[in-house]
Amino acid sequence: MNNLVVYIAGPITGYENGNKEAFDQAEKTIKEGDNSTVVLNPTCLPAGLTQFAYMDICLAMIRSCHVVYFLRGWESSEGAVAENSLAKKLKRHLIYEEDM
């Protein structure tokens with residue numbers, strides 16, 4: 001059986017602690033009541049990579065997921081805007097935090 005895979009997208013650069021608190025809260029909310037859901041949280045990636053490497057990894061995660069969950073403020077992040085474009089192109093199910 002394949003588990004539902006959800007990627008969390010949102011602003012990271014320029015936020016205190018890389019906006020990890022918002023990403024972690026979203027992960028907790030997504031998993032609530034269903035521990036079989038796999039959540040791909042980009043704030044769990046190791047420090048020290050280049051911006052290019054982070055984007056490359058995150059785009060691979062989007063290619064591997066079923067759903068992309070966009071945090072508030074995603075529109076102000078160049079990376080999250082690129083993730084949104086790819087997710088739409090790949091016909092992933094999109095969920096926006098502000099609509100919840």
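All values below come from the heavy atoms of this structure, side chains included, with hydrogens, waters and symmetry mates left out. Numbers here simply count residues along the sequence, with the first being 1. What you see is a predicted model; the values in this text were computed from it and never measured.
If you take OG on Ser36 and CG on Asn2, they are separated by 11.0 Å, rounding to the nearest 0.5 Å. For the atom pair OG1 (Thr37) and CG (Leu4), the distance works out to 5.0 Å, reported to the nearest 0.5 Å.
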What side-chain donor-acceptor pairs closer than 3.5 Å can you find for residues 8-22, not counting sequence neighbours?
| unit_1 | atom_1 | unit_2 | atom_2 | d |
| --- | --- | --- | --- | --- |
| Asn19 | ND2 | Pro11 | O | 2.9 |
| Lys20 | NZ | Asp24 | OD1 | 3.2 |
| Lys20 | NZ | Asp24 | OD2 | 3.3 |

Identify each donor-acceptor pair in which a side-chain atom of residues 50-60 lies under 3.5 Å from a protein atom, sequence neighbours left out, and give them as a table.
| unit_1 | atom_1 | unit_2 | atom_2 | d |
| --- | --- | --- | --- | --- |
| Thr50 | OG1 | Ala53 | N | 3.0 |
| Tyr54 | OH | Pro46 | O | 2.6 |
| Tyr54 | OH | Gly48 | N | 3.2 |
| Tyr54 | OH | Leu49 | N | 3.3 |

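Partners of Thr43 by side-chain hydrogen bond (donor to acceptor under 3.5 Å, both in side chains), not counting sequence neighbours, listed by chain and number: Asn41. By the side-chain contact (heavy atoms from CB on, under 4.5 Å) test, Glu75 is found to be paired with Glu98, residues two or more places apart in sequence or in another chain being considered. Under the salt bridge (charged side-chain N to carboxylate O under 4.0 Å, His left out) criterion, Arg63 pairs with no residue, sequence neighbours left out. Legend: residues meeting side-chain hydrogen bond (donor to acceptor under 3.5 Å, both in side chains) with Thr29, ordered by chain and number and at least two apart, are Gln25. Every side-chain hydrogen bond (donor to acceptor under 3.5 Å, both in side chains) that Tyr7 has, sequence neighbours left out, goes to Glu83.
Applying the salt bridge (Lys or Arg N to Asp or Glu O under 4.0 Å) test to pairs two or more places apart or on separate chains, those with a residue in residues 25-35 are Glu27-Lys31. Pairs engaging residues 85-94 under the salt bridge (Lys or Arg N to Asp or Glu O under 4.0 Å) rule: none recorded [sequence neighbours left out]. For residues 21-43, no pair satisfies ring-ring contact (aromatic ring centres under 6.0 Å, His included), with sequence neighbours left out. Sorted by first and then second residue, the pairs that involve residues 81-100 and meet ring-ring contact (aromatic ring centres under 6.0 Å, His included), not counting sequence neighbours, are Phe70-Tyr96, Trp74-Tyr96.
Here the side chains of Val67 and Ile95 are in contact, with some heavy-atom distance below 4.5 Å. No side-chain heavy atom of Val38 sits under 4.5 Å from any side-chain heavy atom of Val6.
Placement of Leu71 and Leu86 in two distinct hydrophobic clusters is found when ILVMFWY residues are connected by side-chain heavy-atom separations under 4.5 Å, directly or transitively.
The backbone N or O of Val5 lies less than 3.5 Å from a partner atom in the side chain of His66, making a donor-acceptor pair.
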